[in-house]
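Before any comments, here is the structure.
Computed from heavy atoms alone, side chains included, the values below leave out hydrogens, waters and symmetry copies. Every chain is numbered from 1 and lettered A, B, ... according to where its sequence line falls, protein lines coming before strand lines.
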Amino acid sequence: MNFAPRYLGRGSWLARRDPRVLVIAVVCFVLAAIQVWDLRIMLILDLIAFAYYRTARIPFRQVRRQWMLAILFVSLLVFANGIIASGRIQRLPEGVEPHIYGYIPLLGTPVSAESLTFALVQFLRFLSLIAVGFPIAFAIAPDVFGVTFARLGVPYRFAYAIDLTWRFIPSLAEDFRSTIDAQRVRGMDFTGQSRNPVARVRRQIPVLVPTIVNAIAGAEDTIDAMDLRGFGTGERTWFQDLVLDRTDKLVLIGFGSLLVVATIGGLVTSSSVLWVPDAILPR
Amino acid sequence: MAEPVVRIEGLTYRYRRASEPAIRDIDLTVEAGEVLLVAGPSGCGKSTLIRAINGLIPHAYPGELSGSVRVNGRLTTELRLRDLAAIIGTVLQDPAKQIVGATVEAELAFGPENLGMDRTEIRRRISDVAERAGIRNLLGRETAALSGGERQLLAVGGILMLEPRLYVVDEPLANLDPASAARLLGILRTLADEGHAIVIVEHRVEEALDLRPDRVLYLEEGRTRYLGSVSGFLEIADPDAVKLPFDAVLARFRSDPSLVGTIPAAPGHHAGAAPPGTLAAPGADPAESPRLEFSGVRAGFGDREVLHGIDARLGRREIVAVLGPNGSGKTTLFRTAMRLLKLTGGEIRVDGEPITNRTVAQLASTFGYVFQSPSQMLFARTVREELTFGPRNLGRDPGTFGAIVTDALERTSLDVVEDILDRPPLTLSFGQQKRLALAIALSLEPPTLILDEPSAGQDHRTARRFMREVMAIPGLESIYLVTHDVDLALTHADRILLFREGRVVADGPPLEVVEDTDRWIACNLRPTSLIRANARWSGLNGAFLDAETLAARVATGTAAAP
Amino acid sequence: MTSMSMPRSMWTVDSRTIVYAAIGAALYGVLVGLFKIPVPGTTAVDARPAFALVPFFGFAFGPVVGLFTGLVGNMIGDQISGWGALTSYNWSIANGVVGLLAGLAPAYLGSMMSGSLGRRAAAGAVGGAIAVVIGFLVVFSDMIKDQMDFNAVLTTEYIPVVIGDLIVTIILVPVLVYAWEPVKERLGR
């Protein structure tokens, strides 16, 4: 188990950007993408997202597992929504009736060109959001999270808490593993199955309680260490200087424009309305 | 004369929830350029005194304070922590807890950032401190990846950044190998020579003396027992309460022959006072397969191999100490034997059978594995529930639980604690929790105990008492210790496996293993005064004796000097 | 004699608050993805034992710590799993609101808080449960964000997550309160 946030994008073009750019880019992109329901535009957004993702140079081998899980989860979510909405489709152009291919046996949910397109857009949107979001964890140096958020306007105590969270993750993960080992040598079996969720939650008590209580009790020294170095007693500086260079500004302008265009486009064009390719309409 | 850096007058302090004061009537001054050693057993009030000096008392710990603490002539009650931070730097006991930065630079910058220091000044100081603390090579590293020694130096570096007048250092030597310890003491000595004041709290007096303290404050039960020169302190200090150099112990025994009678039953079984039991009869039947046999064992974490081909046999009836500096692979060895880590090469056999034939749980009924930190495993609402957890997991007959619990508590002397069965485990004292961890291991009725760093978190006296209790547990066949505490290993084990960087570099009885001093130092282990003394008087009985036993024999002439 | 006592408001933000918040978020972020227990009768959502951290940290250390634990912890969990910290930002907000509401519980469950340890443990369960039921209403924002269907959000998201997290909260929060309170008494502050 290795939970240490890994700086996999170290040295890449994206990692050389001012880290605020990575955060603002994601925010702009998310807000832009959720307004788009036109499949063609969504494909363009995916292209932008993956091009951006590539600039972080994150070795695929190291994050394969994360991608697999994310894609699996997106598929489930989109599928479940499609089933349960049972044919009611949002964002249909006015006056258009779904072109139905047939019905799912037993459930009776209609499957139409529109419902499939809707699901596809949802799926592609999630993929693009994941691609754009990935670099935050892997292409920001571990010691600049705090200053990044502080310079984005987060009060410095909370910005520092984000720094501290990253600092704690590897050691708490290590303590957690140690507790698992300590309980295994007491004969605790982690493989046993039981259908009853209550019993299964209770079975986690021997690992959760020591991990959590120890982490809190161990915090006392850290609190002292912070108090003794004057944390939270007045004005604070950050030793890292964040400066937006020309490229950073261009990237920000790019993502900002994306948001503006998506918003205006949603109002004056049909970009926020479902678009169904003619080719898949049943004849 | 200038105002002292610290002036304490008539200080008494009681924590909010406590019924008794933790320290009483303390008077103390610390001058610029002075090194003060504060010594005393656990619970003597050392930590409280530190907090009173650095301002955590009263600013972070509510309670009742009388008397006064002045720093640079001003009362700490009237200064803010922000102001105190620039005058007093405190290095806490556990550097892993003190370090808040994710990278070395972030940790160094933390204090100055909080005080709102200018960015260019912070950068200048980082470069300066990296040089002074000898951690330039660590710049750019993530703190999670540092070794224990590196962390301790970084923690000191974080304090150096604030350029305080006074340094308060709490037990810095607990987890340091000799090389790192020497560097740390060197930094502190230089600071003192430059005119800073140093207060070092340490019960490892022998090692702290390398710092050449000017004075010693010895606390007992919250009161000043002694305040004065080092030589005067060595004459009165209790060798049971703090760890003294052997010569000081010997001098005490020579000057006060009545001490000889006070030696507790010998800690090891060598000295002839061993408890009756199988442990008392070392020496294995050669035909018998060993309890634990490693052949060409390789193991590690992920891509990082820690054990590079270990061959060793640990007998059914012996006490073996696996000794080596932190990170040399000692703990990994036994975790692999318990199948907690994957074997990547070679083979491990238990009682002649490959471990792969057994589950972790089955191995636990052969080896009672006691982890370093007891609180890491305590979860139950009562001690009784805690003790039956293992037997229940292994499917033992619930009808026998009562007997198992009583037996485990008796063997660890926990049965004398009032209402022990119904106490919540986490409300027990640290020493009691340590013994409970032992009782938990014993509840599976294993013939062999594995103890990981048994002295961790304890002072000299309690660590030795704990080891005496372990050695006296009836019904055990063997004990395997993992430790970096040289004297503890040498005085308790029949045999030492010396570890260095994932390899066994020596295997033999204590006296034999310490003979090769170069090898010892190459393993980054400390040649203690006790080793030299044992070597000098080794003619006695071929065993490695603890300081008091040896001193008593030398003083009474039962040990013939060479 | 100087006697010091420092009243600490529920909204104080000092080193203690920041360290607890960071520990809560780090633990939640690390542990939440590790074990998931399927709840029979529901499809997509599992009982996540680590979720108990959110109401517990809120209940034991106040609304600020609870909010941070839920919000940042969930983002980190999402980021570690590859989902992306902001992909489902509204779910992180929902988790934060649960922590925040659990942190307010001691204020409105006054009578339960003054009783025995057992009563306080029960208060933790009650306060946590209320926080779960109300806090996760935030996930209905998926109807706007992802154009999800109301019934889909209700049946595949809200109800399963609330059931799973209620089980976890009611079982584990009292256990944690029981284990933590005696330790707190020994810390000297």
Side-chain angles (χ1 to χ4, degrees), chain A residues 2 4-5 7 141-147 156 160 163-164 166-171 174-175 177-189 205-211 213-214 217-241, chain B residues 54-56 59-60 80-82 85-86 88-90 92-94 96-103 105-106 109-119 122-123 126 142-144 158 162 302 335 338 340 360-361 363-364 367 369 371 373 375-380 389-390 393-394 426 440 444:
Chain A
N2 180 14
Y7 189 17
D143 58 349
V144 298
F145 278 97
V147 65
Y156 81 85
Y160 194 77
D163 253 358
L164 206 51
W166 286 116
R167 146 75 182 84
F168 281 137
I169 285 175
S171 56
E174 182 58 39
D175 292 347
R177 193 173 70 171
S178 205
T179 293
I180 288 186
D181 283 350
Q183 305 302 37
R184 285 181 73 194
V185 304
R186 295 168 76 185
M188 187 171 171
D189 182 6
I205 290 174
V207 288
L208 285 179
V209 168
T211 305
V213 172
N214 255 317
E220 292 300 309
D221 287 342
T222 308
I223 294 165
D224 281 354
M226 290 175 66
D227 281 340
L228 286 170
R229 281 186 281 169
F231 180 79
T233 52
E235 199 200 333
R236 185 180 210 276
T237 48
W238 300 82
F239 87 103
Q240 302 100 332
D241 195 9
Chain B
N54 63 28
L56 283 178
H59 294 290
R80 297 177 306 159
L81 275 174
R82 188 181 177 89
I88 305 174
T90 308
L92 299 172
Q93 229 176 80
D94 183 354
K97 302 258 167 63
Q98 162 144 3
I99 291 174
V100 292
T103 63
E105 280 90 340
F110 180 72
E113 285 179 333
N114 292 333
L115 302 188
M117 207 176 280
D118 179 63
R119 189 174 293 134
I122 298 179
R123 291 191 176 278
I126 288 178
E142 287 175 31
T143 51
L162 291 166
R335 294 213 175 172
M338 293 301 283
L340 296 172
V360 177
L363 286 165
F367 301 103
Y369 196 129
F371 277 67
S373 159
S375 55
Q376 237 165 28
M377 62 162 109
L378 303 178
F379 70 94
F389 178 67
N393 285 334
L394 266 66
L426 291 167
I440 286 169
L444 299 176

- Item | Residue, of Gly232(A), Gly146(A), Gly218(A), Ala217(A), that accumulates the most heavy atom pairs under 4.5 Å with chain B | Gly218(A)
- Between CG of Asp224(A) and OG1 of Thr90(B), what distance do you get to the nearest 0.5 Å? 9.0 Å
- Task: Side chain from CB out, backbone as N, CA, C, O: work out which of these in Asp181(A) comes under 4.5 Å of a heavy atom of chain B, or both, or neither.
- Result: both
- Message: As a quick check of understanding, evaluate side-chain contact (heavy atoms from CB on, under 4.5 Å) for Thr179(A) and Met377(B), giving each step before the final call.
- Response: CA-CA 6 Å; Thr179(A) 293; Met377(B) 62 162 109; 5.9 Å; no
- Query: Going through the distances and angles, do Thr233(A) and Asn114(B) end up as a side-chain contact (heavy atoms from CB on, under 4.5 Å)?
  - Reply: CA-CA 7 Å; Thr233(A) 52; Asn114(B) 292 333; 5.5 Å; no
- Message: So which atom in Thr222(A) and which in Lys97(B) form the shortest heavy-atom distance, rounded to 0.1 Å?
- Response: OG1-O, 3.0 Å
- Closest heavy-atom pair, Asp221(A) versus Leu92(B), reported as atoms and distance to 0.1 Å, is O-CD1, 3.3 Å
- Side chain / backbone / both / neither for Arg82(B) at chain A, heavy atoms under 4.5 Å: both
- How long is the gap from CG on Leu81(B) to CE on Met226(A), to the nearest 0.5 Å? 12.5 Å
- Full working for side-chain contact (heavy atoms from CB on, under 4.5 Å) between Asn214(A) and Gln376(B): CA-CA 7 Å; Asn214(A) 255 317; Gln376(B) 237 165 28; 4.2 Å; yes
- For the residue pair Arg167(A) and Ile99(B), establish whether any side-chain heavy-atom pair is separated by less than 4.5 Å. yes
- Item | Interatomic distance, Leu340(B) atom CG to Arg177(A) atom CZ [nearest 0.5 angstrom] | 10.0 Å
- Task: Mind ranking Gly187(A), Ala141(A), Ser171(A) by heavy-atom pairs under 4.5 Å with chain B and telling me who comes out on top?
- Result: Gly187(A)
- Task: Check whether Leu426(B) gets within reach of chain A through its side chain, its backbone, both or neither, counting any heavy atom under 4.5 Å.
- Result: side chain
- First locate atom CZ of Arg335(B), then atom CZ of Arg184(A), and finally report the distance between them rounded to the nearest 0.5 Å. 11.0 Å
- Query: Who pairs with Arg229(A) by side-chain hydrogen bond (donor to acceptor under 3.5 Å, both in side chains), at least two apart in sequence or on another chain?
  - Reply: Glu107(B)
- Query: Got a donor-acceptor contact below 3.5 angstrom from the Thr237(A) side chain to the Met117(B) backbone?
  - Reply: yes
- Task: Rounded to the nearest 0.5 Å, what's the gap from CZ on Phe379(B) to CZ on Arg186(A)? Could you check?
- Result: 5.5 Å
- Item | Considering all heavy atoms, the nearest Phe239(A)-Arg123(B) contact | O-NH2, 3.2 Å
- Query: Where is the tightest heavy-atom contact between Leu56(B) and Asp227(A), given as atom of each residue plus distance?
  - Reply: CD2-CB, 4.0 Å
- For chain B, the option from Val209(A), Asp175(A), Thr211(A), Asp143(A) that forms the most heavy-atom pairs under 4.5 Å: Asp143(A)
- Task: Would you name the heavy atoms of Gln183(A) and Phe389(B) that are closest together and state the gap between them?
- Result: OE1-CE2, 4.3 Å
- Please list, chain by chain and in numerical order, all residues satisfying ring pair (Phe, Tyr, Trp, His ring centres under 6.0 Å) with Phe367(B), sequence neighbours excluded. none
- So which part of Glu105(B) gets closer than 4.5 Å to some heavy atom of chain A, the side chain, the backbone, both or neither? both
- Query: Given a strict heavy-atom distance threshold of 4.5 Å, which part of Ala86(B) is in contact with chain A: side chain, backbone, both, or neither?
  - Reply: neither
- Task: Check each atom of Leu378(B) against the heavy atoms of chain A and say whether the ones under 4.5 Å are side chain, backbone, both or neither.
- Result: backbone
- Query: Of all heavy-atom pairs between Ser375(B) and Pro210(A), which one has the smallest distance, and what is that distance?
  - Reply: O-CB, 3.8 Å
- Note on the structure: Turns out that what part of Val144(A) lies under 4.5 Å from chain B's heavy atoms comes down to neither
- Item | Sub-6.0 Å ring centroid separation between Tyr160(A) and Phe110(B) | yes
- Item | Max heavy-atom pair count under 4.5 Å with chain B, selected residue of Pro206(A), Ala225(A), Gly230(A) | Pro206(A)
